[in-house]
Novice: 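Have a look at the structure that comes next, please.
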Protein chains: 2
Amino acid sequence: MTKQQAALADGSPGVVYRGIVDGLYRGRYVPGQRLVEADLTRDFDVGRGSVREALSRLAAEGLISMSLHRSAIIRSMSRVEVRDLVALLEVLNGFAARLAADRIEEGANRKLIDDACATLLDAEVQRDFLHFARARNAFYKTMVAIGGNHELARIMPRTNVDLLRVQFRAYQTVDEGVRIGDYRAIYDAIAEGVGRKAEAAAKTHIRRLGDAIDRLPDAAFAG
Amino acid sequence: MTKQQAALADGSPGVVYRGIVDGLYRGRYVPGQRLVEADLTRDFDVGRGSVREALSRLAAEGLISMSLHRSAIIRSMSRVEVRDLVALLEVLNGFAARLAADRIEEGANRKLIDDACATLLDAEVQRDFLHFARARNAFYKTMVAIGGNHELARIMPRTNVDLLRVQFRAYQTVDEGVRIGDYRAIYDAIAEGVGRKAEAAAKTHIRRLGDAIDRLPDAAFAG
DNA sequence: TATTTAGAAATTGTCGGACAATTTCTCCGT
DNA sequence: ACGGAGAAATTGTCCGACAATTTCTAAATA
């Protein structure tokens with residue numbers, strides 16, 4: 001029954017898909033790990049077809065890599081790939097922040113971002129990776145939603161942000177070098193309603209993130 | 001045998017996937033059309049599982065929309081969706097053009113973009129939608145490749161550009177209001193190696209495209 | 001005639017089994 | 001320790017089946 005309902009919510013593939021993403025954040029799966037279809041079939045108690053569909057969704061979003069006749073594996077990014085991703089995120093997040101600032105007065109937007117920011121700042125003081133990661137994702141999601149560009153909202157999850165988070169979870173220095181004040185600055189600029197300023201704040205933040213990552217040892221990267 | 005080889009090239013799902021994208025450009029499939037799994041199974045002579053996998057890939061890239069227990073249908077965008085997409089493409093293409101200009105001197109990059117541009121300008125004088133569409137896609141693809149950002153290259157196909165092309169294929173005004181000189185300007189800026197200029201040229205082009213689309217009648221849009 | 005509605009048909013969601021193709025593992029001889 | 005042949009594991013793909021749901025059809029009703 002429970003399984004039936006969960007499945008109907010958005011299908012067995014969705015269950016597997018979310019299970020794996022969640023498992024990633026929880027550390028159940030780590031970069032480089034093989035994902036054997038038979039195991040997943042057993043773990044999630046669904047047919048192989050559904051597992052396959054979930055895997056191809058994950059591959060489409062870049063979380064895993066698949067090649068013919070080889071097991072899917074959780075991707076881990078090289079230095080170059082990370083640099084590329086950060087550069088892209090700078091552009092995308094800058095765009096998102098600008099849109100959000102420009103539309104801060106519409107509807108309940110101001111309240112939405114207020115709440116998301118409060119939750120984020122609150123989560124910041126705690127030391128729970130999972131809790132903070134959720135709050136941060138929610139903050140960005142809200143920012144994008146307020147911006148009101150549906151295509152941006154569709155594209156954002158297709159970037160490899162999740163992979164980025166997970167790959168460097170062990171290195172607190174990344175987050176710590178970035179956290180203090182950055183999110184606050186982005187929020188302030190958005191609340192102020194000045195698009196250009198919000199874009200700059202978001203870009204600065206991402207650039208600082210990139211710098212922190214650059215200082216990481218080779219062991220943190222693939223290949 | 002032939003089928004076997006094609007399948008092994010990158011799998012049956014890939015055959016179906018490419019077949020549908022190609023069919024879109026050829027007009028075999030039009031926005032709003034239902035894609036019934038059984039039909040595709042027959043048309044492409046593959047199992048339903050493979051059809052399903054191809055469909056979910058197409059859905060991930062936004063070309064079709066799927067909801068539970070309902071046939072997949074070729075998406076067609078509303079005015080708002082198109083506006084959002086154009087805004088996103090402006091940012092993305094601007095970024096791509098800037099990167100390309102900055103790396104024009106590396107390797108064989110200059111020759112690559114030279115060739116792609118020549119092919120594009122040549123295709124422009126002809127009046128063959130398919131031929132021109134291919135050349136344009138190749139040009140953009142080259143531009144992105146030269147830029148060297150793999151994440152951008154991964155994301156670009158996930159935008160709904162294909163849908164955009166197809167949806168307005170009947171309205172030459174869109175292309176005509178844009179073509180003359182625009183691609184040339186982008187190319188020149190890239191060849192000059194000035195990132196900022198290339199970004200501006202690309203953005204101007206997309207903005208002009210958006211303006212042309214704005215002038216289209218309601219009949220060209222969904223919903 | 002237009003509208004509603006019950007039943008039939010079509011379609012999707014999912015599972016299990018099957019088998020070939022390929023990769024990965026294991027063990028043996030050198 | 002090393003390389004290679006055979007065994008085991010794993011993926012790629014198809015087929016058939018059946019429940020859940022939507023879509024179509026045609027009769028019943030206002």
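Just so we're clear, the structure is a prediction, and the values are computed from it rather than from any experiment. Quick note on labels: first sequence line is chain A, next is B, and so on, each numbered from 1.
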Novice: Any N or O donor-acceptor pair linking the side chain of B:Arg48 to the base of C:dG13 at under 3.5 Å?
Specialist: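 Pair found.
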
Novice: Identify whether any heavy atom of B:Leu55 sits under 4.0 Å from a base atom; if not, whether one sits that close to sugar-phosphate; answer base, sugar-phosphate or nothing.
Specialist: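 Here B:Leu55 touches no strand at all.
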
Novice: Start at the 5' end of DNA chain D and walk down; is the nucleotide closest to B:Val51 or to A:Ala38 reached first?
Specialist: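 This one resolves to A:Ala38.
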
Novice: Choose from D:dC14, C:dC15, C:dG13 the nucleotide whose nearest atom is closest to any side-chain atom of B:His69.
Specialist: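 Among the listed nucleotides, the one closest to the side chain of B:His69 is C:dG13.
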
Novice: Which nucleotide sits closest to the side chain of B:Arg52: D:dT13, D:dT23, C:dT12?
Specialist: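 The closest nucleotide is C:dT12.
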
Novice: Would you check, one step at a time, whether the test ring pair (Phe, Tyr, Trp, His ring centres under 6.0 Å) holds for A:Phe95 with B:Phe95?
Specialist: CA-CA 11 Å; A:Phe95 181 48; B:Phe95 181 48; over 10 Å; no

Novice: Which nucleotide wins on minimum distance to the side chain of A:Ser71, given the candidates D:dA20, C:dT11, D:dT10?
Specialist: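 Between D:dA20, C:dT11, D:dT10, the one nearest the side chain of A:Ser71 would be D:dT10.
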
Novice: Grab the two heavy atoms, one from B:Glu81 and one from B:Ser76, that are nearest each other, plus how far apart they are.
Specialist: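 Smallest heavy-atom distance, with atoms named: OE1-O, 4.0 Å.
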
Novice: The side chain of A:Pro13 is closest to which nucleotide in this list: C:dT11, C:dT14, D:dT23?
Specialist: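 The nucleotide sitting nearest to the side chain is C:dT14.
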
Novice: Check A:Glu61 against A:Asn160 and note the closest heavy-atom contact, atom names and distance.
Specialist: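 Of all heavy-atom pairs spanning A:Glu61 and A:Asn160, the closest is O-OD1, 2.9 Å.
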
Novice: Of all the choices, D:dG12, C:dC15, C:dT11, which nucleotide is nearest to the side chain of A:Ser50 once you look at every atom?
Specialist: C:dC15

Novice: What nucleotide among C:dT12, C:dC15, D:dT13 has an atom nearest to a side-chain atom of B:Glu37?
Specialist: C:dT12

Novice: CE of B:Met156 to CG of B:Asn149: how many Å apart, nearest 0.5 Å?
Specialist: 11.0 Å

